[in-house]
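The residues of the chain are indexed from 1 along the displayed sequence.
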Amino acid sequence: MLASSGRSARALSQSTCLAAEPLADIMAFDWSETGVGAFAQWPEALKSAVRSALLSSSPMAVLIGPAGLTISNGAASTILGDSAAALGKPAAAIRPDAASFFATVIARYLEGKTTSVRDQPFKSLPDAASTPVQSTTWLNIDVVPIVDVDGARLGGLMLASETTEHIHHAQTLSQSEERFRLALEASGMVGVWDLDLRTNINTADPAVDNVFGIDRKRALQGPSLERYMEAIHPDDRARVERAVQETIDTGQPYRIRYRVIDGDGRQRWVVASGKLVYDEQGRAERFPGVIVDVTEQMQTAAALNESRFQFETLTEALPQIVWSCDAEGVHDYFSNRWHEYTGLPKAPIHSETWKKLVHPDDQQRVFTCWSAAMRTGEPYDIEYRFLHRSGEHRWLHVMARPVRNEQGRIIRWFGTSTDIHDARLLASEREKISQELERIATQDPLTGVLTRRAFLERTSAYLAKLPRDRAACILMLDIDHFKHINDTFGHAGGDKVLSIFAKRVGRCLRSSDLFGRLGGEEFAILLTSCSEKRGAQVAERIRSKLEREPVDLGNGARTALTVSIGISVADDPRWSLEGLLAEADQALYRVKNSGRNACLVWKREEMAL
């Protein structure tokens, strides 16, 4: 059963009226049969995660325990269906088709690990009242562990963002590119080849073998892929080998241009295109493709670059703005997407036009980046805000590459401008949520200090890098008679004392020190770069400050606040954090047995006697 954090369910329900109805369903649900206990007894960390999910307009869900019991908001219906129907059910039972995915997520958050997946496909859940055809939605999913103040892993907080439009957009672009390649291959094609990935034997048309300098007798014996590679120009061979291997490894379409030495010793330019063929088990078994001789085209590349018709045929099929400029940077071409995007008429673009279109805060950065590209010939790649026809400045990703003549001199630039505004906003929102999730995972919700796990991890990391000639101190703090405070003033009074205690202690520390709550009224401090003497002084300053200032609990109620402190000194790299905490804890134990409200440094030589 999940341990109680001493907070009532009413505190969560009062946080917002927007989540009232879903929260009421959660509170009314019979959780006793699930093994997680009554809702009122749930830890504050779990309630906080539920609140975040219910308030979010993005798809979010809380998965509880090893079974992955589900609490989701309405926006998460793509993944987990109707939130009311999914309530309290294991995620794998709701989505059997994604059982392995949720098993991995659950295993990772139980280990305290975050899971991040990109473009995860989910089939729509069956609906007997609608068409039986299932659609596919793609999502980016992040799952962060939900950790209690004592370090217990309670579940995972899942955040999703849909990328379906991006995937469909990429598929559309791929199809357009495929049609363009097929049109190219229909003209000047030498022949076809087919590589058997199981035997590494390549079978090709006689014309292809001739281009690669392989006689017919050798071709009938089944040349290996390496034999074809030997005919490729030495300057291109490594690049072709990488492209072939990348296609085999990733399944991406293969397309590359390179030089070969044919049977007569002549250099020829070819374009090779291909794609993998898979067997019924989904394993790549063949790699067929075509070879196109583009020697003549390469020899007349300069003339072809001037062919406006062929260029516009390709660029107008693209969703990006395509543009070009001469070697001096004067723009002389924009695709129609430019006019659609800016609303400007087809007229020459001057420097003053650019000043009106580029956001004032980005102008200097754009000018610097473009000037560097023009000066060095390096690719131009930048993101900046640009005035849309709607009057809004939207983010563009602008890239350009230089075109060089045979002497290597830049003769012009070709570039594209892609609207990434929505993606930028989504990334910004995701970053904010990630930061909030990180805060929830590392900050104690009551006192604002580090959680036990965060304190131990950061202290261990600091001690691991501590130089031999430096020292640090570990302080273990325990509020005296805290049970009496709780019994006298109730949990609300006890929580107020804990919160005030943390604030007062924090004022005695430096920004480099670490302060964490280990559980209940027990706290720990790492004093960085601190000698034994100074550690004792800081501990005494904390103790005396707390003793001098009773806590006002309101309505005339006041209580004294004292603390017992045990101190250990990390002055030897051989001492582990576990050992240092044990020493500080033993020193604390002696203080409490000696009457409390005091500080004691653990002296290894003396204490061992």
Just verifying a value: how many Å separate Leu154 CG and Ile146 CD1, rounded to the nearest 0.5 Å? 7.0 Å
Checking side chain to side chain contact (heavy atoms under 4.5 Å, CB included) for the pair Leu561/Glu549: CA distance, chi angles, key distance, verdict? CA-CA 7 Å; Leu561 178 58; Glu549 301 178 19; over 6 Å; no
Residue pair Ser544, Glu540: steps toward the side-chain hydrogen bond (donor to acceptor under 3.5 Å, both in side chains) verdict: CA-CA 6 Å; Ser544 60; Glu540 176 57 26; 4.6 Å; no
I need the Glu162 CD to Trp138 CH2 distance, nearest 0.5 Å. 10.0 Å
Are there over 12 heavy-atom neighbours, none belonging to Tyr589, within less than 6.0 Å of that residue's OH? no
Answer whether the closest heavy-atom distance between the side chains of Met476 and Ile525 falls below 4.5 Å. no
Side chain to side chain contact (heavy atoms under 4.5 Å, CB included) between Ile141 and Ser116: does it pass, once the steps are laid out? CA-CA 6 Å; Ile141 297 178; Ser116 294; over 6 Å; no
Exercise: identify the closest heavy-atom pair between Gly554 and Lys496: N-NZ, 4.3 Å
With a cut-off of 6.0 Å (strictly less than), are more than 12 heavy atoms of other residues, nucleotides or ligands near NZ of Lys89? no
Any side-chain donor paired with an acceptor under 3.5 Å for His393 and Asp362? no
Minimum side-chain heavy-atom gap Tyr109-Val144 below 4.5 Å: no
Are the charged groups of Asp422 and Arg394 less than 4.0 angstrom apart, N to O? yes
Is any side-chain N of the basic residue among Arg517 and Glu522 closer than 4.0 Å to the acidic one's carboxylate O? no
Can you see which heavy atom on Asp495 is nearest to which on Leu446, and at what distance? OD1-CD2, 3.6 Å
Please list all pairs passing the ring pair (Phe, Tyr, Trp, His ring centres under 6.0 Å) test where one or both residues lie in residues 452-477, with sequence neighbours left out. none
Test ring-ring contact (aromatic ring centres under 6.0 Å, His included) on Tyr384 and Trp395; report intermediate values, then the result. CA-CA 5 Å; Tyr384 59 86; Trp395 282 96; 8.2 Å; no
Heavy-atom neighbours of Arg470 CZ exceed 12 at 6.0 Å: no
Treating Arg452 as the side-chain partner and Asp148 as the backbone partner, does any N or O pair qualify as donor plus acceptor under 3.5 Å? no
Taking everything shown except Arg468 itself, do over 12 heavy atoms lie less than 6.0 Å from its CZ? no
Using side-chain heavy atoms (C-beta onward) and a distance below 4.5 Å, is Leu87 in contact with Thr70? no
Any side-chain to backbone donor/acceptor pair from Gln363 onto Val358? Under 3.5 Å, distance only. yes
Any donor-acceptor N/O pair, Asn593 side chain to Arg590 backbone, under 3.5 Å: no
Would you mind reporting whether Arg596 and His481 have side-chain heavy atoms less than 4.5 Å apart? yes
Charged N to carboxylate O below 4.0 Å: is that the case for Asp478 and Lys592? yes
Does the Arg95 side chain pair with the main chain of Ile79, one donor and one acceptor, at a distance under 3.5 Å? yes
For Ser52, does its backbone N or O pair with a side-chain atom of Ser56 as donor and acceptor, under 3.5 Å? no
Is it true that Glu521 and Lys483 have a side-chain N and a carboxylate O under 4.0 angstrom from each other? no
Where do Leu577 and Ser460 come nearest, in terms of heavy atoms and distance? CD2-OG, 3.1 Å
Between Glu246 and Arg242, does at least one N-O distance fall below 4.0 Å, as a salt bridge requires? no
Any sub-3.5 Å donor-acceptor pair from Asn73's side-chain atoms to Ser57's backbone N or O? no
Inter-residue atom distance Thr559.OG1 - Asp552.CG, 0.5 Å rounding: 11.0 Å
Check whether any side-chain N or O of Ser576 sits under 3.5 Å from a backbone N or O of Gly579 as a donor-acceptor pair, and report yes or no. yes
For Cys473 and Ile567 the tightest heavy-atom approach is CB-CG2, 4.4 Å
Ser564 side-chain N/O to Asn597 backbone N/O, donor-acceptor pair under 3.5 Å: yes
To the nearest 0.5 Å, what is the distance between CD1 (Ile26) and CD1 (Ile71)? 4.5 Å
Phe101/Gln120 under side chain to side chain contact (heavy atoms under 4.5 Å, CB included): CA gap, chis, key distance, verdict: CA-CA 10 Å; Phe101 168 78; Gln120 175 74 19; 4.0 Å; yes
Under the criterion side-chain hydrogen bond (donor to acceptor under 3.5 Å, both in side chains), I'd like the reasoning laid out for His166 against Asp119: C-alpha separation, chi angles, the key distance, then a yes or no. CA-CA 9 Å; His166 167 74; Asp119 298 327; 4.8 Å; no
Can you find a heavy atom in the side chain of Leu527 that is under 4.5 Å from one in the side chain of Leu514? no
Distance col, row Ser568:OG vs Lys603:NZ, nearest 0.5 angstrom, shows 12.0 Å
Pairs in or reaching into residues 505-545: which pass ring pair (Phe, Tyr, Trp, His ring centres under 6.0 Å), with residues at least two apart or in two chains? Phe501-Phe523, Phe515-Phe523
Verify, without hydrogens or angle tests, whether Trp602 (side chain) and Asp585 (backbone) share a donor-acceptor contact under 3.5 angstrom. no
Is the number of heavy atoms from other residues, nucleotides or ligands under 6.0 Å of Glu392 CD greater than 12? yes
Do Leu396 and Asp419 pass the side chain to side chain contact (heavy atoms under 4.5 Å, CB included) test, and can you show the C-alpha distance, the side-chain angles, and the key distance before you say yes or no? CA-CA 5 Å; Leu396 290 180; Asp419 188 311; 4.2 Å; yes
Does atom CG of Asn555 have more than 12 heavy-atom neighbours from other groups under 6.0 Å away? no
Looking at every heavy atom in both Gly493 and Leu553, which two are closest together, and how far apart are they? O-CD2, 4.0 Å
Closer than 3.5 angstrom, by distance alone: can the side chain of Thr136 be matched with the main-chain N or O of Lys123 as a donor-acceptor pair? no
Should the pair Glu111-Arg108 be classified as a salt bridge under the 4.0 Å nitrogen-to-oxygen rule? no
Give the C-alpha distance, both sets of side-chain angles, the deciding distance and a yes or no for side-chain hydrogen bond (donor to acceptor under 3.5 Å, both in side chains) between Ser499 and Thr447. CA-CA 5 Å; Ser499 178; Thr447 63; over 6 Å; no
Run the salt-bridge test on Arg118 and Asp142 with the 4.0 Å N-O cut-off and return the result as yes or no. yes
Least distance between heavy atoms, Thr528 atom then Ser512 atom: OG1-OG, 2.9 Å
Are Leu63 and Leu69 side-chain neighbours, meaning at least one heavy-atom pair lies under 4.5 Å? no
Can you confirm whether Met399 sits close enough to His397 that some side-chain heavy atom of one is under 4.5 Å from a side-chain heavy atom of the other? yes
Is the ring pair Phe102/Phe122 parallel, tilted or perpendicular, if the boundaries are 30 and 60 degrees? tilted
To the nearest 0.5 Å, what is the distance between CD1 (Ile542) and CG (Leu509)? 5.0 Å
